[in-house]
Visitor: 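A single structure is presented below for examination.
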Amino acid sequence: MKRLITLVFAVFSVCLLWAGTPAQDMVDKYKEQKGAKYYSAKGALMKMARPLMKSYSMAPLAHKVTEMYVLRMDKVRPETKSKFLYDLKKTLGHYIYAGKSDSPNGIVDAYVHIASTDVADELVVYNPEICTLYSLIGSFTKEELQKVQKPVVE
């Protein structure tokens, strides 16, 4: 019985390590679709990606990002894109809407996952103009997140 409990605990622990955030699960689900573009950076690759982030509005957060996932879906089949947008709406329901922001590629919507009262552990950005989902994992304070928001001018 003791072995069975140990085995169940070990399997459960491994499953928890593989479990990602809702946005990461969404990226994993669609990254292999024909026409989809997928990029990820963590570890040593993240060190090379940080300088590239400095040319975007996310520059104040670049040093805090430990993992980054990008999924671009603008060139997939229309039925795949429709399913993606449906799933995206459900996925973003797990996050708190942080507002719109102006970016070089159009207006984006930002969402955060709150880890505690003053810290977010994930920033999710969706750009409908180019149908791209960004997931930035790290530890971001409310003040740091406010620095990256560029208000939309109408």
Side-chain angles (χ1 to χ4, degrees), residues 12 14-43 45-46 48-154:
F12 181 70
V14 169
C15 289
L16 283 177
L17 289 175
W18 279 332
T21 67
Q24 289 172 328
D25 292 343
M26 176 100 176
V27 168
D28 286 341
K29 180 177 180 178
Y30 286 95
K31 69 183 180 184
E32 300 295 328
Q33 295 294 317
K34 186 175 181 179
K37 300 279 190 225
Y38 166 71
Y39 310 96
S40 70
K42 55 185 164 181
L45 197 52
M46 192 63 225
M48 294 187 305
R50 278 193 189 99
L52 299 173
M53 292 175 65
K54 301 220 182 218
S55 61
Y56 291 93
S57 60
M58 294 171 218
L61 299 179
H63 69 287
K64 302 283 288 275
V65 177
T66 57
E67 297 178 37
M68 180 174 69
Y69 302 90
V70 180
L71 179 66
R72 188 165 178 169
M73 297 291 289
D74 60 335
K75 295 189 176 156
V76 298
R77 287 186 263 161
E79 57 274 4
T80 303
K81 192 174 188 177
S82 293
K83 177 75 171 122
F84 169 78
L85 293 172
Y86 175 79
D87 288 345
L88 178 64
K89 186 175 181 178
K90 288 192 317 188
T91 297
L92 294 176
H94 295 277
Y95 297 88
I96 297 172
Y97 183 67
K100 293 187 179 303
S101 186
D102 214 357
S103 79
N105 293 318
I107 296 171
V108 298
D109 292 308
Y111 301 82
V112 294
H113 183 263
I114 304 298
S116 69
T117 55
D118 294 330
V119 177
D121 58 358
E122 182 180 21
L123 171 64
V124 175
V125 178
Y126 176 65
N127 186 331
E129 186 89 17
I130 57 175
C131 197
T132 303
L133 180 68
Y134 304 85
S135 170
L136 306 170
I137 308 294
S139 180
F140 315 112
T141 64
K142 188 184 333 182
E143 293 78 22
E144 290 169 329
L145 290 169
Q146 288 172 341
K147 287 180 188 176
V148 300
Q149 188 170 13
K150 289 184 180 179
V152 176
V153 179
E154 294 185 35

Visitor: Is a salt bridge present between Lys83 and Asp87, judged by a nitrogen-to-oxygen distance below 4.0 Å?
Guide: yes
Visitor: How far apart are the closest heavy atoms of Asp102 and Ile107, and which atoms are they?
Guide: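 Heavy atoms of Asp102 and Ile107 come nearest at OD1-CG1, 4.0 Å.
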Visitor: If you round to the nearest 0.5 Å, how far is CD of Glu122 from CG of Leu136?
Guide: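 Here the rounded value is 8.0 Å.
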Visitor: Looking at OH of Tyr38 and CG of Asp28, how far apart are the two atoms once the value is rounded to the nearest 0.5 Å?
Guide: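 If I round to the nearest 0.5 Å, the distance is 6.0 Å.
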Visitor: To check you understand the geometry: which heavy-atom pair defines the closest contact between Pro60 and His63, and what is its length?
Guide: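 Taking Pro60 first and His63 second, the nearest heavy atoms are O-CE1, 3.2 Å.
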Visitor: Compare every heavy atom of Tyr95 with every heavy atom of Ala23, then report the nearest pair and how far apart it is.
Guide: N-OH, 3.0 Å
Visitor: So does Leu88 get a backbone contact from the side chain of Tyr126, meaning a donor-acceptor N/O pair under 3.5 Å?
Guide: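 Checking the backbone N and O of Leu88 against the side chain of Tyr126, no donor-acceptor pair under 3.5 Å is found.
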Visitor: In Å and rounded to the nearest 0.5 Å, what is the CG to CD distance from Leu123 to Glu144?
Guide: 11.5 Å
Visitor: In Å, rounded to the nearest 0.5 Å, how long is the span from CD of Glu67 to OG of Ser135?
Guide: 8.0 Å
Visitor: Atom CE in Met73, atom OG in Ser82: separation rounded to 0.5 Å?
Guide: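 Reported value, rounded in 0.5 Å steps: 10.5 Å.
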Visitor: Do the side chains of Phe84 and Met26 get nearer than 4.5 Å, heavy atoms only?
Guide: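 Side chain of Met26 against side chain of Phe84, heavy atoms only: contact under 4.5 Å found.
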Visitor: Ignoring hydrogens, what is the shortest heavy-atom contact between Ser103 and Asn127? Give both atom names and the distance.
Guide: OG-ND2, 4.0 Å
Visitor: If every non-hydrogen atom of Thr66 is compared with every non-hydrogen atom of Arg50, which pair is closest and at what distance?
Guide: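 Scanning both residues, the minimum pair turns out to be CA-NH2, 4.3 Å.
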Visitor: Counting C-beta onward and ignoring hydrogens, is there a side-chain heavy-atom pair between Val125 and Thr132 closer than 4.5 Å?
Guide: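 Not touching, per the 4.5 Å side-chain cut-off.
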